[in-house]
Protein chains: 2
Amino acid sequence: MENIYRTPSAHSEVHLGASILVVEDEAAIQELIALNLGQAGHEAVSAMDAQEALQRVRDSLPDLVLIDWMLPGMSGIDLVRRLRTNERTRNVPIIMLTARADEIDKLAGLESGADDYITKPFSIRELNARIKAVLRRRAPQMTEDPVNFKDLTLDPGTHRVSVKGSEISLGPTEFKLLHFFMTHPERVYSRTQILDHVWGDHVFIEERTVDVHIRRLRSALEPSHSDQLLQTVRGAGYRLTALP
Amino acid sequence: MENIYRTPSAHSEVHLGASILVVEDEAAIQELIALNLGQAGHEAVSAMDAQEALQRVRDSLPDLVLIDWMLPGMSGIDLVRRLRTNERTRNVPIIMLTARADEIDKLAGLESGADDYITKPFSIRELNARIKAVLRRRAPQMTEDPVNFKDLTLDPGTHRVSVKGSEISLGPTEFKLLHFFMTHPERVYSRTQILDHVWGDHVFIEERTVDVHIRRLRSALEPSHSDQLLQTVRGAGYRLTALP
DNA sequence: GAGCGCTGTAACATTATCGTCACAAGTTGT
DNA sequence: ACAACTTGTGACGATAATGTTACAGCGCTC
């Protein structure tokens with residue numbers, strides 16, 4: 001299922017000048033990759049171990065992370081898992097680097113949440129191709145354009161929401177929820193659909209949780225006549241509408 | 001006859017009343033799962049080994065098969081393979097249960113053709129969520145196209161109904177009832193048929209209940225000369241018609 | 001490590017809707 | 001016209017769906 005919310009810092013021209021974090025303990029390979037990335041027009045940031053990587057990802061939300069399978073301390077796969085389970089870093093694209101062309105490694109890397117993998121030794125050309133592919137795959141899904149609906153304005157870029165001109169503050173989930181509704185107005189969505197779109201497909205969350213967030217969103221929109229905008233359709237779900 | 005409203009209701013979720021085969025040799029887990037499935041509204045059928053499972057799948061084509069990784073005789077993976085290579089059983093959704101969170105197990109299970117996997121111990125909630133996800137993935141999409149009839153308009157997407165342009169509000173059942181009639185106009189349906197189509201097949205409801213809902217629907221459509229549209233055919237049933 | 005904001009869930013409160021009944025009203029056949 | 005039957009109608013608990021509140025956990029900041 002499509003996930004509209006690739007939250008991370010994503011601009012429309014991600015293919016060039018992307019910031020890429022390289023997590024690799026061998027200095028030689030590290031430098032080789034960094035050099036190559038630089039030539040390709042990207043900005044390379046490096047981390048020597050998983051801890052440092054976590055820090056940097058949280059810090060600067062790179063457009064892509066290259067992770068070596070073998071790392072001192074926390075393994076590459078564990079690192080992927082950590083990144084995937086954190087709300088903020090969940091959607092950062094990841095490419096794994098595996099030393100052996102071993103089937104299991106590849107699959108385990110993918111399974112754990114990586115977007116792609118490359119087996120060493122790899123050619124520079126192959127690396128570039130895959131980076132481009134991953135970035136491109138992610139790019140079209142990010143809707144960073146400001147959205148308007150009635151007297152609501154939501155700007156994913158600046159992460160701001162305003163009602164009738166005056167700005168309000170929303171938590172991350174309420175923000176995504178509102179963004180989803182504003183990009184899909186006038187249409188009824190079941191709790192399950194909302195969970196799939198806003199939270200993500202593979203999440204095990206009580207459907208009633210949606211209700212609570214709807215309420216929170218409503219009360220945040222309170223100043224406006226939000227009850228009119230975000231209405232509940234009994235037996236079906238919720239809907240954002242301009243009509244009465 | 002086509003039946004739009006088979007089991008699922010048009011807009012809410014689809015995963016009730018599914019028949020699920022549980023292939024598990026440990027009686028305790030077997031029962032636990034069966035009990036849970038029953039509570040979730042599904043019909044649980046069980047098989048203790050792969051042979052029995054094959055038989056039952058071929059026999060009754062369940063909506064979903066839960067297969068334990070470790071089975072006496074033929075392994076779970078082999079069972080999956082057998083099911084996948086058989087024309088008749090090729091498309092039955094499968095969820096694997098793996099005892100250890102071992103990477104290889106998971107991957108081999110998916111690789112061999114399962115739709116999803118769960119590692120034991122798993123929470124009831126997770127099981128339910130995955131079952132729902134798999135069933136939903138397979139569920140046929142109900143047509144969400146707006147329907148028009150005379151001066152009536154019904155839009156499943158926005159869940160709105162309007163008579164001569166002005167919107168009216170209907171409860172879920174009346175909504176489905178009207179949708180059914182609008183998609184099957186000019187034809188008489190008995191109370192039993194209406195129950196089957198709108199409520200679902202195996203419901204135990206008084207036929208006279210249909211009358212009451214017809215009345216409610218009529219009075220909701222009142223503003224228009226609905227008495228003409230939704231007419232009674234004595235001794236036979238009801239019909240939505242444009243003719244006088 | 002204490003404080004803080006956010007989240008998911010449970011528990012309770014509140015409605016909306018449902019299914020059924022009893023009876024009224026209408027229809028049919030004789 | 002009368003009985004036998006079918007359908008309309010309004011009311012009424014029961015129930016399921018939603019609103020609302022409170023709370024405990026978690027990660028993050030300082």
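Below, all heavy atoms of this structure are taken into account, side chains as well, without hydrogens, waters or symmetry copies. Every chain is numbered from 1, with letters handed out A, B, ... down the list of sequences.
Between B:Phe175 and B:His159, the ring planes lie parallel to each other; the angle is under 30°, not in the 30° to 60° tilted range.
Classification of B:Lys132 and A:Glu207 as a salt-bridged pair holds, one side-chain N sitting under 4.0 Å from a carboxylate O.
Between the CD1 atom of B:Ile194 and the P atom of C:dC18 there is a distance of 15 Å, given to the nearest Å. What separates CD of B:Gln231 from P of C:dT27 is a distance of 14 Å, to the nearest Å. Regarding B:His213, its NE2 atom lies at a distance of 10 Å from the C1' atom of C:dT20, rounded to whole Å.
Each end of the helix from C:dG1-D:dC30 to C:dT30-D:dA1 gets its own axis from five base pairs, and the two axes differ in direction by 30°, given to 10 degrees.
With 3.5 Å as the limit, one finds no donor-acceptor pair spanning the side chains of B:Thr173 and B:Arg216. Counting only N and O atoms by type, the side chains of B:Thr158 and A:Glu186 include no donor and acceptor under 3.5 Å apart.
Ring to ring, A:Tyr238 and A:Phe181 are not that close: their centroids are 6.0 angstrom or more apart.
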Could you pull out the protein-nucleic contacts involving nucleotides 18-21 of chain D (nitrogen or oxygen on both sides, under 3.5 Å)?
from, atom 1, to, atom 2, distance (Å)
D:dT18, OP1, A:Arg191, NH2, 3.1
D:dT18, OP1, A:Gly235, N, 2.8
D:dT18, OP2, A:Arg191, NH2, 2.3
D:dT18, O5', A:Arg191, NH2, 2.9
D:dG19, OP1, A:Arg218, NH1, 2.9
D:dG19, OP2, A:Tyr238, OH, 2.6
D:dG19, N7, A:Arg208, NH2, 2.8
D:dG19, O6, A:Arg208, NH2, 3.0
D:dT21, OP2, A:Arg215, NH2, 2.3

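Using a distance-only test at 3.5 Å, with no hydrogens or angles considered, no donor-acceptor pair links the side chain of B:Glu31 to the main chain of B:Ala28.
Remark: of the listed residues A:Val161, A:Thr183, A:Val147, A:Ile168, A:Val161 is the sole one forming a side-chain contact (heavy atoms from CB on, under 4.5 Å) with A:Leu178.
Within a 6.0 Å sphere centred on CZ of B:Arg191, heavy atoms belonging to other residues, nucleotides or ligands number more than 12.
Across the interface with DNA chain C, nearest-nucleotide mapping of A:Glu206 and A:Leu170 shows A:Leu170 to be the residue nearer the 5′ end.
For the OP1/OP2 pair of C:dC18 and a distance below 4.0 Å, the side-chain nitrogens and oxygens of B:Trp199 include no atom meeting the criterion.
At a threshold of 4.0 angstrom between heavy atoms, the contacts of B:Thr173 are confined to the sugar-phosphate backbone, with no base atom among them.
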